[in-house]
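All of these numbers come straight from a predicted model, not from anything done at the bench.
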Amino acid sequence: MSSSVPGIRSVAVVESAVTWTIMAVIAVANGVLRESVLVSYLGESSAHLASTALLLVSILAITYLFFSYSSMRFTAVELLAIGGLWVVLTVGFEFLVGYVDGVPATETLAQYDVLAGEVWIFVPVTLFVTPLLFGWYLSGGGRFET
């Protein structure tokens with residue numbers, strides 16, 4: 001099965017989209033945990049940091065498991081595409097939820113401002129890098145499928 005994008009198999013896109021969906025469910029549960037438990041114990045700022053760290057660890061674990069158990073050998077192009085897909089889906093989801101909740105886009109964008117002390121940018125960066133990192137690592141360190 002091939003996709004309309006040269007060098008990227010449809011099955012790689014579908015499997016990675018399913019994996020992203022699992023990550024999205026865990027991210028929503030993480031947000032619920034942050035708002036219902038962590039904020040009352042840690043305060044808003046510390047709860048946000050703890051929640052982001054927990055989400056990053058979850059992304060690392062899920063990505064590792066995905067590439068560990070996948071029977072596919074991914075190409076470097078596919079791994080970059082998976083990372084890009086996960087970032088686009090995540091940022092799109094974030095803006096969609098913000099729009100539905102009536103949050104201005106400027107407020108959603110402000111979550112990416114590292115200079116203002118925001119740490120959310122590490123989530124899309126991690127989503128982009130981990131497929132290439134784990135795909136490379138689990139393929140024996142540099143031997144990608146061609």
Side-chain angles (χ1 to χ4, degrees), residues 3-10 12-70 72 74-145:
S3 74
S4 60
V5 180
I8 301 174
R9 296 168 288 180
S10 295
V13 174
V14 171
E15 284 185 11
S16 64
V18 169
T19 302
W20 178 85
T21 303
I22 293 166
M23 285 190 266
V25 169
I26 289 173
V28 169
N30 181 43
V32 170
L33 174 69
R34 180 186 63 239
E35 294 303 317
S36 63
V37 177
L38 297 179
V39 169
S40 62
Y41 287 103
L42 303 174
E44 187 67 40
S45 181
S46 294
H48 181 67
L49 288 173
S51 177
T52 302
L54 183 59
L55 182 56
L56 292 174
V57 169
S58 298
I59 291 168
L60 289 168
I62 293 166
T63 305
Y64 181 83
L65 290 171
F66 170 64
F67 287 106
S68 291
Y69 289 101
S70 177
M72 289 182 58
F74 296 88
T75 66
V77 170
E78 287 172 332
L79 295 171
L80 289 169
I82 289 167
L85 174 66
W86 287 355
V87 169
V88 167
L89 290 171
T90 300
V91 172
F93 182 75
E94 189 74 15
F95 276 89
L96 177 64
V97 168
Y99 175 78
V100 169
D101 286 345
V103 176
T106 54
E107 193 174 318
T108 302
L109 273 174
Q111 296 176 18
Y112 294 86
D113 187 358
V114 177
L115 298 177
E118 296 294 334
V119 294
W120 178 255
I121 190 68
F122 294 111
V123 172
V125 168
T126 301
L127 286 166
F128 184 72
V129 171
T130 54
L132 190 58
L133 175 69
F134 288 127
W136 172 80
Y137 175 76
L138 294 171
S139 70
R143 295 187 318 257
F144 292 111
E145 194 72 23

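- Listed by chain and residue number, nothing satisfies the ring-ring contact (aromatic ring centres under 6.0 Å, His included) test with Phe128 (two or more places apart in sequence, or in another chain).
- Although no hydrogens or angles enter the test, the distance criterion places no donor-acceptor pair under 3.5 Å between the side chain of Thr63 and the main chain of Leu60.
- Taking the ring-ring contact (aromatic ring centres under 6.0 Å, His included) definition, one finds that Tyr99 meets it with nothing, sequence neighbours left out.
- Between Phe134 atom CZ and Ser68 atom OG the span is 8.0 Å, to the nearest 0.5 Å.
- Among residues at least two apart or in separate chains, there is no ring-ring contact (aromatic ring centres under 6.0 Å, His included) pair with a member in residues 43-62.
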Can you list, pair by pair, the side-chain donor-acceptor contacts under 3.5 Å of residues 18-36, counting residues two or more places apart and other chains?
from: Thr19; atom 1: OG1; to: Glu15; atom 2: O; distance (Å): 3.0
from: Trp20; atom 1: NE1; to: Thr90; atom 2: OG1; distance (Å): 2.8
from: Thr21; atom 1: OG1; to: Ala17; atom 2: O; distance (Å): 2.9
from: Asn30; atom 1: OD1; to: Ser51; atom 2: OG; distance (Å): 3.4
from: Asn30; atom 1: ND2; to: Ser51; atom 2: O; distance (Å): 2.9
from: Asn30; atom 1: ND2; to: Ser51; atom 2: OG; distance (Å): 3.0
from: Arg34; atom 1: NH1; to: Ser51; atom 2: OG; distance (Å): 3.3
from: Ser36; atom 1: OG; to: Val32; atom 2: O; distance (Å): 2.6

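- Shortest non-hydrogen contact noted between Ala76 and Leu132 is O-CD1, 4.4 Å.
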Ignoring hydrogens and angles, write down the donor-acceptor pairs under 3.5 Å from the side chains of residues 102-110, residues two or more places apart or on other chains.
none

Donor-acceptor pairs are to be reported for all side-chain atoms of residues 113-124 against protein atoms at under 3.5 Å, with residues two or more places apart or in another chain.
from: Asp113; atom 1: OD1; to: Leu115; atom 2: N; distance (Å): 3.1
from: Asp113; atom 1: OD1; to: Ala116; atom 2: N; distance (Å): 3.3
from: Trp120; atom 1: NE1; to: Tyr112; atom 2: OH; distance (Å): 3.1

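- The two residues Gly135 and Leu79 make their nearest non-hydrogen contact at CA-CD1, 3.8 Å.
- The line from CG of Leu54 to CG of Leu49 is 12.5 Å long, rounded to the nearest 0.5 Å.
- Closest heavy-atom contact between Ala81 and Ile8: CB-CD1, 3.4 Å.
- Note that CH2 of Trp86 is 9.0 Å distant from CD1 of Ile59, once rounded to the nearest 0.5 Å.
- With contacts defined as side-chain heavy-atom distances shorter than 4.5 Å, the pair Thr130/Phe67 does not qualify.
- In this structure, CZ in Phe66 is found 7.5 Å from CE in Met72, a value given to the nearest 0.5 Å.
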